[in-house]
*Asks:* 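First, the structure itself, so that you have it in front of you.
All of these numbers come straight from a predicted model, not from anything done at the bench. Side-chain atoms are counted along with the backbone in the values below, which use heavy atoms only and exclude waters and symmetry mates. Chain A is the first sequence line, chain B the second, and so forth, proteins listed ahead of strands; every chain is numbered from 1.
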Amino acid sequence: MSEFKKVSRTENYSEWYNYIVDAAELAQHSAVKGCMVIKPYGYAIWEKMQADLDQRFKATGHSNAYFPLFIPKSLFEAEEKNAEGFAKECAVVTHYRLKSDPNNKGKLIVDPEAKLSEELIVRPTSEAIIWSTYRGWIQSYRDLPILINQWANVVRWEMRTRLFLRTTEFLWQEGHTAHATKEEAIVETKQMLEVYAAFAEDIMAMPVIKGIKTANERFAGAEDTFCIEAMMQDGKALQAGTSHFLGQNFAKAFDVKFTGKDGKQDYVWATSWGVSTRLMGALIMTHSDDEGLVLPPKLAPIQVVIVPIFRSEEDLASITTKVMEIKKQLEYKGVSVKFDNRDTLKPGFKFAEWELKGVPLRLAIGMRDIQNNTIEIARRDTKEKKSIAMDHLVEEVGSLLTDIQENLYQRALKFRTEKTKIVDSKEAFLKVMDEGGFALAHWDGSSETEEKIKEELKATIRCIPLDNRQEAGFCFFTGKPSKERVVFARAY
RNA sequence: CGGGGUGUAGCGUAGCCCGGUAUCGCGUCUGCUUUGGGAGCAGAAGGUCGUAGGUUCGAAUCCUGCCACCCCGACCA
């Protein structure tokens, strides 16, 4: 943050991204490979996301619970597809004790005598441990549905990591529900997708496409995977949340049956759904600019920062009196306010710093304002600055915060709309991919074609949009008939 | 896991080819002057040169192993 180096989004997008994460003090690399330290300011944003999502989960009837970090290998392997899908990225605990190295003073070695009889898998996702537990909870249709969410950390040993977007350990929530009927489980799956979409759009100000994944992109162990897909400012896609209809796969794997009203036994129907700290990456890449982070008011830990402009201590004292009054009024209205009264930094420095941190509104107040009963108000999203009468401040702040929230959404939507192209040829397709953006193209529906497109054109089907318009056409790649267009993009 | 690159004070760096105990900027600390868009002057502190070995009278510099990180692929939320 000491450096005034500026990195341009257009010149080098990933360098810019790293710069924002670092400069806005959101997170940093840790002493552990692939794992990040989420710094207080970054964590405050995550906490606001959590708080809003948590309330939405509860409003739809879910309760929070907590299941273990470790999963015995025998449970983990029970659902074959799920196990296979995650096997190559699992951290495994094999021992439970260390001891002093007899050959190397002050060093420790794994005690070979403390080998576990059964290895423990550090959860990459919790279906296995949860469904092994649900077996004991469910006997009758009266025990259903089970609607549980857990806030947790998971570990996926990825080859290449990036702060927030893909780290070895990450924070998330995972909902795991059990239902008596297929229909009810599907309704749940779709409902949670709607919850995610509403959160993304209303709170993150990030437009998303709701859709369904193709078989290739489906969650390991799911019958269907629904997702929300967002477009980042480089035109690449980011999967922002998923909701899975798991069918009876886990119920069968863990033998979870219930007796229905009719006295007959059947396997339970399942869903799972999750969003992660990856949303932090999505938030950054959707709104921020070359000046730094840009936060939607609904997620900003500090919504309004007040910078005093003073020459003497007496000036600061009288400004402070006024500021305290303003702060109280704004806080009464539910606005979070920070008074930056550090006396060792010049106003210009503070302006730049708070812009870097994405604070939506900045107020500047000096002796001139005190005399004129005015105050300067500057918005982060458009950089507009104006002097207003002090008497109108509270309502002005309220309406500007609302306006910024809306403007960020509209700006992102406009960007996505402009970068989404209807494509009917390989050439046009490649052009869109190279420029960055979504291509709406016909696809013949086969996994083989999808695979070939991925290899040759480096793009994947992000989703088949829900309520997609049916339109006869021909696959842009194979020429075979197709009944609808799907969303293609290069993805994170 | 493949290709490329980097590691020197809190951060960013020079020095490395051609071995002689480390340069500069930012930040930090003290003092004074400043404060409506990233302050100025003066002084000060701060470094096992990623790590472990090796060569040498002497290693940031040469050699070997290891580790970490970044970028590009493959894999993935």
*Asks:* State which of B:C75, B:G38, B:G36 makes the closest approach to the side chain of A:K454.
*Replies:* B:C75
*Asks:* Which is more 5' along RNA chain B, the nucleotide nearest A:A378 or the one nearest A:N216? Just name the residue.
*Replies:* A:A378
*Asks:* Any side-chain heavy-atom pair from A:I129 and A:R123 closer than 4.5 angstrom?
*Replies:* no
*Asks:* Could you identify the nucleotide paired to B:C57, looking across every strand shown and requiring Watson-Crick or G-U wobble geometry with both distances under 3.5 Å?
*Replies:*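 By the stated definition (distances under 3.5 Å), B:G20 pairs with B:C57.
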*Asks:* Parallel, tilted or perpendicular, judged at 30° and 60°: which one describes the rings of A:F254 and A:F250?
*Replies:* parallel
*Asks:* Nearest whole angstrom, please: distance from the P of B:C71 to the CH2 of A:W16.
*Replies:* 14 Å
*Asks:* Between the base of B:G37 and the side chain of A:R362, is there a donor and acceptor pair under 3.5 angstrom?
*Replies:* yes
*Asks:* Output the rounded distance in Å from CZ (A:R311) to P (B:C32).
*Replies:* 20 Å
*Asks:* Identify whether any heavy atom of A:T242 sits under 4.0 Å from a base atom; if not, whether one sits that close to sugar-phosphate; answer base, sugar-phosphate or nothing.
*Replies:*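 A:T242: no heavy atom of the nucleic acid under 4.0 Å.
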*Asks:* Find the distance A:F351:CZ to B:G37:P and express it as a whole number of Å.
*Replies:*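 Taking CZ of A:F351 and P of B:G37, I get 7 Å after rounding.
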*Asks:* Between B:C75, B:G37, B:G36, spot the one nearest the side chain of A:E158, thanks.
*Replies:*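 It is B:C75.
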*Asks:* Judged by each residue's nearest nucleotide on RNA chain B, which is more toward the 5′ side, A:N18 or A:F164?
*Replies:* A:N18
*Asks:* The side chain of A:A352 is closest to which nucleotide in this list: B:A74, B:G37, B:G36?
*Replies:*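 Ranking B:A74, B:G37, B:G36 by closest atom to the A:A352 side chain puts B:G37 first.
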*Asks:* Any base atoms under 4.0 Å from A:F219, or only sugar-phosphate, or nothing? Heavy atoms, all strands.
*Replies:*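 Since no nucleic acid heavy atom lies under 4.0 Å of A:F219, the category is nothing.
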*Asks:* In whole angstroms, how far is the C1' atom of B:A68 from the CG atom of A:L163?
*Replies:*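 In whole Å, B:A68 C1' lies 14 Å from A:L163 CG.
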*Asks:* B:G37 C1' sits how many Å from A:L345 CG, rounded?
*Replies:*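 Spelled out: CG on A:L345 to C1' on B:G37 is 13 Å.
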*Asks:* Can you see whether A:N82 engages A:E127 through a side-chain donor-acceptor pair at a distance of less than 3.5 angstrom?
*Replies:* no
*Asks:* Output the rounded distance in Å from NZ (A:K350) to C1' (B:U35).
*Replies:* 9 Å
*Asks:* Would you check, one step at a time, whether the test side chain to side chain donor-acceptor pair (under 3.5 Å) holds for A:T225 with A:T242?
*Replies:* CA-CA 7 Å; A:T225 288; A:T242 48; over 6 Å; no
*Asks:* Rounding to a whole Å, what distance do you find between A:R380:CZ and B:G37:C1'?
*Replies:*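 To the nearest whole Å, that distance equals 14 Å.
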*Asks:* Under a 3.5 Å cut-off for both distances, is B:A39 Watson-Crick or wobble paired, and to whom?
*Replies:*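 For B:A39, the partner nucleotide comes out as B:U33, under the 3.5 Å rule.
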*Asks:* Looking at A:E355 and B:G37, is any side-chain donor or acceptor paired with a base atom of the opposite kind under 3.5 Å?
*Replies:*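 When only heavy-atom distances are counted, A:E355 does reach the base of B:G37 through a donor-acceptor pair under 3.5 Å.
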*Asks:* Counting only Watson-Crick pairs (N1-N3 plus N6-O4 or O6-N4) and G-U wobbles (N1-O2, O6-N3), all under 3.5 Å, who is the partner of B:A52?
*Replies:* B:U64
*Asks:* Once you round it to whole Å, what is the distance between P of B:C69 and CZ of A:R162?
*Replies:* 15 Å
*Asks:* Which base sits across from B:U13 as a Watson-Crick or G-U pair, both distances under 3.5 Å?
*Replies:* none
*Asks:* Would you say the side chains of A:Y492 and A:D234 form a donor-acceptor pair under 3.5 Å?
*Replies:*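 The criterion, which ignores hydrogens and geometry beyond distance, is satisfied for A:D234 and A:Y492.
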*Asks:* Under 3.5 Å, is there an N or O donor on one side and an acceptor on the other linking the side chain of A:K385 and the base of B:G37?
*Replies:* yes
